Each structure stands twice: as C-alpha cells, then as structure tokens.
Amino acid sequence: MTSAELKNVSYIYSRGTPFEKKAVKNVSVAFEKGKITGIIGHTGSGKSTLAQLINGLLEISEGEVFVDGQNIWENKKNIRSVRFNVGLVFQYPEYQLFEETVYKDIAFGPKNMGLDEGDIDKRVKTAAKEVGLDEALLDKSPFELSGGQKRRAAIAGVIAMQPEILILDEPAAGLDPRGRESIMKMLSSYCAESGASVVMISHSMEDIAQYCDDILVMNKGEVFFFGTTSEAFAMSGRLSLIGLAVPQVTRVLIELNKLGFDVSTSIYTVDDAVKEIEKLFGGGEKC
Amino acid sequence: MKDVTLGQFFPGNSIVHRTDARIKLLCVIAYIVGIFLAKSAAAYALVLVATVLLALVSSIPMSTLLKSLKPLTFIIIITSIINIFWYTAPEGAVPLVEFWKIKIYAGGLMTAVYMILRIACLIVGTSVLLTYTTSPIALTDAIESLLVPLKIIKLPVHEFAMMMTIALRFIPTLIEETNKIMAAQKSRGADFSSGGLTKRAKAMIPIIIPLFISAFRRADDLAIAMECRCYRGGSGRTKMNIKKLAPTDILLPLFTAAIIAGAVLLNKFVPFNIV
C-alpha cells in the first residue's frame, strides 16, 4: 500500500522571472505504508522542496501528487485537509512552539481539523506517549522544556493529526548522540505501530543506514536512486560521484576489502560489520 | 512576503553609485527642495528632465523604477481626482467640460499633472539617489557621520546608527524566519486566508509568538557575540574604511544646485503656464 505517490513531478521556483530555477525535475516515487524511507542528497538537491510538494505547501509546476490515492490538486480548496494527512515536521520544529502549555500546542493540529474535545484529548495523550513525553510535562509551558523535549513536543504536534505519511526534515539535527538515538528509535517504533509511512530527510548516513528500509537519493533536483537501503549503500562508487558518502562502517569494510581481506562491502550497520569482521577471525568467537 | 523590497540596493559602478553617501544624503534633501520649488511648466520640465537624466546615469533598469511607483498608484489617483474636481477656479475662468454640477477646469487638470509629476520625480529621484544606489551600511554610516554634531547635546549618535544597521541587517533574516514559521503552522492546518478580521488576527498568533521568541534569541546571541569582541559603544571606535571625498563627489552637488537654481530662475523668467 502506498500512502503518497509522485508522478513526473517538477517544481520551478520564481517562474517567469530572471531567478527561475527548476528545483525538482521529473520526480516519480511512491512511499510505502509501514516503511521508513530516507531521503539523502546534497544541500540544494531538492529534498526539502520535495517534502513541501507532497503536503501541498508548494504547488507543483508539472506532474501529479497522490495522497491516499487522491490527486491533491484536483480540488484546490481542499488542500488544507491534505495537510492533515501529510504530516510535515520542519527542521528545528521546536521553533514553532507557541502555546501556553505543551498540551495546547500539541492540540493545535487536531483543533484545526475540527475534532471534538474528547477526540483531541485522546490524540494529544497518545501523541505525547508516542514521542515519549511524560504526561506531567503537558501542563508546562513549552519554553520550559529542554531542547530534546521541545523537539519531541513539536513532533507530537504533527503526529497528533495521525497523518498517513509523516515527513521529517532532519529530525535529529542539533541533538546530542543520546537524543539523536532516542528520536530515531521513537520514529521507527511509531512507524511500526501506526502503520503510516515515515519519510526522513537526513544528512547522517549512519542514521539512514540504521533505521531506513528504503532510500531515495536526490541529486540536482532529480531522483538519482530509489531502492532499498542495502542496494543504495552497495553502490558506494556511484554515491561518491555525487559527493555523498556511505556510512563509516561501510567505508571501513571497503578499505579492508582493498587490503585483501575477504569481507562484504554491502554492509551498512555496525552490528553486521562486527559479525562480518569476526568471520575473519574464524567463526565468530568473541575475543 | 517575497516582494518586500525595503531599501533594495542594486550594486553598480555609476557615478551615482560612487558618490559618497553623505553627499548623496545631502543632495537628496536639496533635490526634494528643488522639486517643491518648481511652480511653472518650464520648471517642472527641468525637474523631469533632471530626474530622467539621473535615472539614466545610474543605469538602474527603467522597469524597476516604474515598479517602485506602483504602490503609489492609489495616492496618485486620489490626488488627481481631488485636484481635478475640487479645483477652485479663479474669477472668470471658463470650464473645459461642464455637466450637471461638475466643472472641470484646465487649471485643475494642470495641477493634477503637476502633482503626478512631483510625486513621481520625488520617488524616482530619491530612490535613484539614495536607496537603489547606496548600500544600507554606507547609508547608516553616512547618517552617523552627518549626525555627529548632535553628540554635543549628548545624543547617542553611534548607538542610533548601530541600531539602524542591525535593524536593516535583520530584515531579510526575519522575513525568511516568518516564511518558515508560516509554512510550519500551515502544515499543522493553520488557516491564514479565510474568516473575518478577528479570526485572521487570531490566526497570526502562532506566527508572531515564535517570531518574537526567535528575534529575542537572535538579539541575545548577537549581544553575546558583540560583547565577546569587546564592543562597548561608540567611544574610541575607529572605522575600517574611512570615507574620503573624491574629486568626482562634487558633480552631484553641482547637479542638484543647478536644479534648484534652474527651478527658481525658470519660475521667475519663464512663468508660462498652459492655463
């Protein structure tokens, strides 16, 4: 089942002016439900633009976008309801918190959907639980929270709309390693529990390698590659052509391979790499 | 929000660009005086020619200049209507058109045309002389150095100029920030474009509060960064680029002086009006 699908989508910035720029060129991808897709690519490769095209913040110049099988631009007046179905979490989402309490802030999205109080209450509490926010924090001002908690509260505000597809732009940017890991784990358990698609834009190859099922590689506004994570990192040569690196462990294995050790180079998580290297020492006994 | 062109600067290398900002600032004042001195048709023609000449010399594209007039269309139309229909004609003047209670006099039409010319020259002239050809930094520097005499009466001139520089510097940043916050709140279903006035005003809260917070955060960061570099206000500060007047800086003052003199003389000796 796909949650969102793009067909030959292009987007042109400042059309008809000297500053005209094609930011997204002829992109066709489909995001599966219950899967985490990572989007990687250089700054300016069109990742963030793509995210805003899916939830209708930017109007596509060419092509079609389907969310839940519905062409989102078929009825322009309904574009707001599309956004409830496509949750978009921007970079540094904690900077958009504004309400008096965390509870009210998380309730902002559901309230805009026109739900009744009971429903909103349920959604806020589930969302808070989902992102691992303690219920005691809900009555606090969002500005009293720590950085990581603010990030969670902001993500909860989007999750509370229970979108079919959740898109996050650099969800772990600026967090310490522990905060990073817990946000990523939270996302992957959210994806498994809710059955929604999770799409994550990231610069961290390690995060992508560890948590994503599929990878979309963007280059200069075009789809460079779209497939499973192992396929993506198996082609380290092609990735480095467009200036992207494979995860560090994969690089270690590639170097080992060059030195004449017999290791697979399509491994991209630390755990698998450990096993592969242990094989070299004869059958995986721990030392 | 993308169309905000507050003090848009077009880099260039024309004589207008190269003239010292302080001189330009003074010339603008003189130029405005010149425009308001013009009373006769000939004087207006002179002002118009001078403005066009300035625009040509500055090599700012004509389309940009015309665009800068666009926000004034409303004012221009209103003043024209008032001038045409509420003209108090001198005794014995014959109206050009007369029907029902409305009388249109040649004098009224003439004043309307003069008014339009005056507004257009004012906007085009000042933007060519100042905003389009002077970088905001040069402009605030110029203001600071022209206001230096006020230090005698203990006005914090440097602080004032620094405030202006910082404000100008942060306009684009805050616009970008606003766009980001708007996009984020729209993604959560915020609706800025429907409903009555109160509903729309309320819809601004989710934008304004994060914007204020981010502005305070930036102010804090900036204050710390400035303090780290030992900023302690104007006393004892020297400038990296000390502006020295160049010989060519005399051209613009001569030009504006010519406009003023020309306007006065033409008013007196060629007081020809079509009326």
Side-chain angles (χ1 to χ4, degrees), chain A residues 13-14 17-19 48-49 51-52 54-58 76-100 104-115 127 141-143 150 154-161 163 165-169, chain B residues 1-5 8-12 59-68 70 170 172-195 198-221:
Chain A
Y13 270 110
S14 323
T17 70
F19 306 105
S48 302
T49 311
Q52 295 186 45
I54 301 173
N55 88 337
L57 272 179
L58 297 175
K76 282 194 185 189
K77 281 181 190 143
N78 275 340
I79 199 68
R80 226 179 119 225
S81 61
V82 169
R83 296 190 189 131
F84 300 130
N85 242 338
V86 184
L88 179 55
V89 179
F90 279 83
Q91 246 177 59
Y92 298 102
E94 57 272 27
Y95 293 155
Q96 8 143 333
L97 298 170
F98 69 97
E99 277 285 11
E100 291 155 61
K104 277 191 186 170
D105 208 284
I106 299 176
F108 182 67
K111 222 181 207 166
N112 284 330
M113 294 169 81
L115 301 173
S141 155
F143 305 107
K150 274 188 202 167
I155 295 176
V158 175
I159 285 181
M161 302 191 298
I165 170 168
L166 178 68
I167 308 170
L168 303 105
D169 197 345
Chain B
M1 286 302 269
K2 273 182 206 151
D3 309 318
V4 182
T5 50
Q8 201 175 32
F9 168 54
F10 289 87
S59 63
I60 303 274
M62 274 295 163
S63 57
T64 318
L65 290 174
L66 289 179
K67 234 188 241 162
S68 71
K70 223 168 142 195
F170 276 97
T173 314
L174 288 178
I175 288 175
E176 197 186 316
E177 190 94 21
T178 314
N179 286 334
K180 259 192 210 156
I181 295 168
M182 270 176 92
Q185 306 298 25
K186 267 189 190 164
S187 299
R188 294 209 277 164
D191 184 8
F192 305 121
S193 49
S194 68
T198 37
K199 200 184 159 215
R200 279 189 196 207
K202 266 190 185 157
M204 297 309 284
I205 294 174
I207 302 171
I208 289 169
I209 291 179
L211 194 61
F212 262 100
I213 290 166
S214 102
F216 281 127
R217 198 184 59 242
R218 281 178 198 285
D220 253 347
D221 289 351

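Being a predicted model, the structure only gives us computed values, none of them experimental. Labels below follow one simple rule: chain letters A, B, ... track the order of the sequence lines, proteins then strands, and each chain is numbered from 1.
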| Just by distance, do the side chain of A:Asn55 and the backbone of B:Ser187 share a donor-acceptor pair under 3.5 Å? | no
| field | Under 4.5 Å from any heavy atom of chain B - which part of A:Leu57 | value | side chain
| remark: Between B:Ala190 and A:Phe108, the two heavy atoms sitting closest are CB-CZ, 3.8 Å
| Side chains of A:Tyr92 and B:Lys180 in contact at under 4.5 Å (non-hydrogen atoms) | no
| said: Heavy-atom cut-off 4.5 Å, strictly under: side chain, backbone, both or neither for A:Phe90 against chain B? | reply: side chain
| task | State, with a plain yes or no, whether a side-chain heavy atom of A:Tyr95 is found less than 4.5 Å away from one of B:Pro210. | result | no
| query | Any salt bridge between B:Arg188 and A:Asp105, counting N to O under 4.0 Å? | reply | yes
| field | A:Glu94 side, atom CD; B:Ile213 side, atom CD1 - distance, nearest 0.5 Å | value | 12.0 Å
| Separation between CD1 of B:Ile205 and CD of A:Glu99, rounded to the nearest 0.5 Å | 8.0 Å
| query | Can you tell me if CZ on B:Phe212 sees more than 12 non-hydrogen neighbours from other groups inside 6.0 Å? | reply | no
| request: Could you go through the side-chain contact (heavy atoms from CB on, under 4.5 Å) check for B:Gln185 and A:Asn112 one step at a time? | output: CA-CA 10 Å; B:Gln185 306 298 25; A:Asn112 284 330; over 6 Å; no
